[in-house]
Amino acid sequence: MIRHRPHGSGHPYAESEDQRVPARPLDGEPVELRVRASARVSSVVCEWAVDGSAPVELPLTRRDAGHLIETDADGGHLAAAQARAARAVAGSWGVRTPALRAGSRYAYRFVATTGDGARRTSRWYEVTAASWSEAGGKLEVTGADRIVPGSVRWLADADGPLRVRFELTLEPGEHVVGFGERFDAVDQRGRSLDAVVFEQYKAQGAHGRTYLPMPYAMVVGGSRTWGWHVQTSRRTWYDVGAARPGRIIVEAETGDELGVRFYGGERPADVLRDFLDDVGRPTELPSWVFRLWASGNEWNTQERVLAEMDRHREHGIPVGALVIEAWSDETTFTAFRGAAYEPSEVPHKLADYTFPADGPWPDPKGMVDELHSRDVKVLLWQIPLQKMRPHPRHQAAVDARQLVERGYGVREADGRPYRNRGWWFPLALMPDLSSPVVRDWWTAKRRYLVEEVGIDGFKTDGGEHAWGHDLRYADGRDGAAGNGLFPVHYARAFGDLLRGCGKAPVTFSRAGFAGSQPHGAFWAGDEDSTWEAFRSSIRAGITASACGIVYWGWDLAGFSGSVPDAELYLRAAGASAFMPIMQYHSEFNHHRTPIRDRTPWNVAAQSADERVIPVFRRLAGLRERLVPYLAEQARAAIGGGAPLMRGLFFDHPDDPQVWRHPLQYKLGDALLVAPVTEPDVSEISVYLPEIEGGWVDVWTGRTLPGGQTVSLPAPLDRPPVLCAAEHWSRLSPVFAD
């Protein structure tokens, strides 16, 4: 009849219609108490008691319907799911309390009355006001202490510390890079942001949100290079000279203790190396990950998959990896759609399945064998949830029952299984992958795909579904500390499965946190096909790499919305040919026409531009020749060198001019890439840092001295790229037509 959740849904950026606002009030603040009530409820009263005194009644009034999540007008099944979650909520009531005072305890409950006089009373809830002070907990500092003396403050309520805040000095000429994958800017100076894992469907840069945050950053420029890591998996916030130009203000959720580690070094690579020593070094992946990856969400049959691979071969476009997203029955994510088999409490083998000849996947193993004969690796899509809508049947019912009966799911504070609160796969159960037992149970159901079908990797999508500070994990963490680590455990689980089957641990994730670095490859998540999304994605690659992500890519030219025009598509392909992972993908669009595949032939057909296929072919061929260089440079990065894809500041930290060109980057030690990120451009201004021997234009062989800005031609088929002269003799064959 009535529902009240003091902390709401756990959405980090929006309030819900049944929560306490603010959930954790400060001394002197009132709170708004909200409840959801059924349509039969005619009145709601809050009984409000202070320090055990007799309660007073606070009548609630009906609230206007609100929105939980921002809506999105674009098509596609993800947009539709988000829009459903964002529908206006009816039946909300609320009341504002008197101001709360630190030191007092407040208790409240709700009494709802229906039109026929029936009454329903909720349980009692408690709340106390918090205040900031100099004492409250212990801040453990490792390394050269850079905290401004006297700046540490603790926020505590009657039950103990909630947050800690401290300040760092920011000198003139210093730039701040890091905080995980960031879409809005490379240099965060002058901005404020937070670090919490969140599924922001498109426009991540505009919202300042990310799938892959980290409580780590480095300071470059001025008289020093240094960095810091707030050693927590809880949420953190940063004001990077926005409120006070000479200060970085760091705030973190915490208990009684929090650790902060400071790093120093002569160069940014030294700082990053020390950070990775703490959280884990990337694992080297096989060289095939540097070849072209192809994918389309509507490639949902064996016939369609092989036809698309045939088209690549017909057009002379080499493919190294195929990601099949729509392969499964969409209930277990372990069985190919259309397969006949008996439900089982033990993992299936390939022989347990029958694949009808007229079904969507008549011979999965034969298909994979055929693709392998063409030198194409195969990855299958995954989601870390047990769907519960519609009500599970067949094998899905067995899996759901095991998850619940064995206690294998993430739990609510009261012990009930957590039900996904997000907009994608709502109310699904979530396996508790913090537990090695659960990781083994979850992945054992997929082992036959690797051992018998021959799958080479998994697209570990959707690691952002843990909402709520009070969830409970098997490793002892609550939701506040455990939610950010869920995507780390998720990728680790599938990497371990692959290793256990004798394969390289190739996972492809969009979500992560500090500690994700050793676990596979990453992509920048969901984006539209726009120039702005193109620019945002480059920033994401530079910043993710600055935090130790070696294998990174994006859906070139975007995956959602209308098919990009030829210019955007080829500019994006030109940049992606010089990124760690080059891949294209397209969103599910209900098989409506015109199709939205991001294949070169579909873009060519819809744009009526005959340049698309030959230019893409040329770029893909160039990419093939780059593979040995990329593998060599990735190995160097993993061994403690600078990142594979890196902002110019990594190699030139003392050059203030590099910050005027934030979208330029190095690819390994030799190559400087200047993406063209605006339409109707025939030449581009490129900054060349000072290096011994200068730079060589890879398309003309002309040597250009460093320490200057030059104007370079930028034809669609020759993206502006330069090579350090000392490396040109060995790399020049890569660029020979």
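The structure displayed is predicted, hence computed values, not measured ones.
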F616 vs Y569 aromatic rings, parallel, tilted or perpendicular, using cut-offs 30° and 60°? parallel
Return the orientation label for the W554 and F534 ring planes: parallel under 30°, perpendicular over 60°, tilted otherwise.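 Parallel, since the angle between the ring planes stays under 30°.
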So, [X] and [Y], do they make that salt bridge, N to O below 4.0 Å?
X	Y	value
R539	E532	yes
E181	R510	no
K202	D528	yes
D270	R267	no

Sub-3.5 Å donor-acceptor pair from the side chain of [X] to the main-chain atoms of [Y], do we have one?
X	Y	result
E632	L630	no
R209	D194	no
R598	G296	no
S516	V488	no
W299	S295	no
S529	G561	no
N420	W424	yes
S509	A491	no
Q204	R182	no
T232	R234	yes

Looking at Y211, W423, Y13, which hits ring-ring contact (aromatic ring centres under 6.0 Å, His included) with F198?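 Only match with F198 under ring-ring contact (aromatic ring centres under 6.0 Å, His included): Y13.
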Is any side-chain heavy atom of [Y] closer than 4.5 Å to one of [X]?
X	Y	result
H489	H519	no
F486	V197	no
E199	H465	yes
Q231	V260	no
E253	R235	yes

Under the criterion salt bridge (Lys or Arg N to Asp or Glu O under 4.0 Å), I'd like the reasoning laid out for E678 against R571: C-alpha separation, chi angles, the key distance, then a yes or no. CA-CA 9 Å; E678 301 285 349; R571 291 300 190 194; over 6 Å; no
Show the nearest heavy-atom pair for residues [X] and [Y], with the distance to one decimal.
X	Y	value
A670	L731	CB-CD1, 3.5 Å
Y238	P215	OH-CA, 3.2 Å
P600	Y584	CD-CE2, 4.4 Å
L667	Y629	O-OH, 2.6 Å
P286	V506	CD-CG2, 4.0 Å
P268	M218	CB-SD, 3.6 Å

As a quick check of understanding, evaluate salt bridge (Lys or Arg N to Asp or Glu O under 4.0 Å) for R439 and D432, giving each step before the final call. CA-CA 8 Å; R439 291 200 296 269; D432 186 350; over 6 Å; no
Is the ring centre of [X] less than 6.0 Å from the ring centre of [Y]?
X	Y	value
W228	Y263	no
Y665	F578	no
W659	F649	yes
W327	F333	no

Gap between atom [atom2] of [Y] and atom [atom1] of [X] - 0.5 Å precision:
X	Y	atom1	atom2	value
D597	S586	CG	OG	4.5 Å
D274	D278	CG	CG	7.5 Å
L644	K666	CG	NZ	11.0 Å
F458	T443	CZ	OG1	9.0 Å
Q200	H207	CD	NE2	4.0 Å
L471	R421	CG	CZ	5.5 Å

Is R535 close enough and on-axis enough to W531, meaning under 6.0 Å and within 45°, for cation-pi? no
Using the six-membered ring of W523, assess whether NZ or CZ of K459 lies under 6.0 Å from its centre and within 45 degrees of the ring axis. yes
With salt bridge (Lys or Arg N to Asp or Glu O under 4.0 Å) as the test, would you mind laying out the steps for R261 and E140 before giving the verdict? CA-CA 8 Å; R261 189 176 186 92; E140 187 73 35; over 6 Å; no
Test side-chain contact (heavy atoms from CB on, under 4.5 Å) on L379 and I324 and set out the steps. CA-CA 6 Å; L379 294 87; I324 308 177; over 6 Å; no
Determine, stepwise, if the pair D187 / R191 fulfils salt bridge (Lys or Arg N to Asp or Glu O under 4.0 Å). CA-CA 9 Å; D187 179 9; R191 295 174 174 268; over 6 Å; no
Do [X] and [Y] pair up side chain to side chain, a donor and an acceptor below 3.5 Å, judged on atom types alone?
X	Y	value
H585	D555	no
N297	E587	no
W288	D456	no
D461	W381	yes

Passes side-chain contact (heavy atoms from CB on, under 4.5 Å), W237 versus V250? Steps please. CA-CA 6 Å; W237 294 262; V250 180; over 6 Å; no
